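Taking it in order: structure first as structure tokens, then the write-up.
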There are 2 protein chains.
Amino acid sequence: MPGKVKPQRESLELVILGVLAEEPLYGYSIIKRVAARSEDAIRLTAGVLYPLLHELEADRLIASTWETVRSERAGEASAGRKRKWYHLTAKGRRRLSQRITAHRAFQSMIEAFFPPRADEETAT
Amino acid sequence: MPGKVKPQRESLELVILGVLAEEPLYGYSIIKRVAARSEDAIRLTAGVLYPLLHELEADRLIASTWETVRSERAGEASAGRKRKWYHLTAKGRRRLSQRITAHRAFQSMIEAFFPPRADEETAT
DNA sequence: CCAAATATATCGGATGCCGATGTATTGTCA
DNA sequence: TGACAATACATCGGCATCCGATATATTTGG
């Protein structure tokens, strides 16, 4: 019975599909990008990201292609470093807008609880 | 060491402290209230709520008092139904504003990814 | 009178989370 | 040139979380 809930995963999915909506990225760069965008608030670790990326790909929300980066220095002989580039699929794009909608729904409920005060402080 | 992260719990904490900030409620009424407020988007179940309420109380974020509701019909002899009313403590109020701040931080990152379109629907 | 709703509560199996770990290549700097 | 940091991918397993199932009791409505 598909459709099980994966608590934390949902917001991670939102974030990952979100960055990939802008442009294709490879795993390591996703980690850096998200950290930068969130000012280190969201720290994806390899142990969390890669399995998630595999799941997302299995679900056809994203797709990948390999790139082999060969260094000049090392020359022809080197095996090269491998990068797996991920990009959103059409299905992924649909899922993303669903997630955004769901997030906004939650958000509006939160705002209903705590209407932003005009005189609110702007952080400490 | 205390201070471990509890993924899903955090947003639940936000929601629960949020409703209790408005007025004291008892468990069952929290479930109904949250369901109503979120238009059934957030369905707290007893199995999730009560343990969480106990934790929150142990952490002194909320406090409780028992009420015994005796029905007219049943009369003096009846044991009465028990309601455990919860209300926010000062500590709970501080925690709540922390959670709101954290939520808004996450929120603003999401907005950075997906800037709200000017032509967006306002929902009803 | 009985079923549904109200009301609180616990428990345990399934699942998710993520730190630790592993492997390999490239960049850098003394 | 050697070695350490950073880049880059990936898996695994233990512990914590999650939440459905379950238990118990009272009240309300038809």
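Numbers restart at 1 for each chain; the letters A, B, ... are given by sequence-line order, proteins then strands. No experiment lies behind these values; they were computed from the predicted model shown.
Considering every non-hydrogen atom in both Arg93(A) and Ala21(A), the closest pair reads NH1-O, 4.0 Å.
With sequence neighbours excluded, no residue forms a side-chain hydrogen bond (donor to acceptor under 3.5 Å, both in side chains) with Thr89(B).
Residue Arg81(B) has its side chain nearest to dT6(C) when only dT6(C), dC17(C), dA10(D) are considered. When the nucleotides dC18(C), dA10(D), dA7(C) are ranked by their closest atom to the side chain of Tyr50(A), dA10(D) comes out on top.
Mapping Pro51(A) and Arg83(A) onto DNA chain D by nearest heavy atom places Arg83(A) closer to the 5' end of the strand.
Rounded to an integer number of Å, the gap from Glu13(A) CD to dC17(C) P is 11 Å. Per the geometry, CD1 belonging to Ile31(B) stands 14 Å off P belonging to dA5(C), to the nearest Å. Atom CZ in Arg43(B) sits about 11 Å away from atom P in dG20(D), given to the nearest Å. What separates CD of Gln8(B) from P of dG16(C) is a distance of 13 Å, to the nearest Å. The distance from atom CD of Glu55(B) to atom P of dT10(C) is 12 Å, rounded to the nearest whole Å.
Contacts between residues 57-66 of chain A and DNA chain D, counted as heavy-atom distances below 4.0 Å, involve Trp66(A).
In this structure, Gly47(B) reaches the bases: a heavy-atom distance under 4.0 Å links it to at least one base atom across the strands shown.
His103(B) and Glu10(B) share no donor-acceptor pair across their side chains, judged by distance under 3.5 Å alone.
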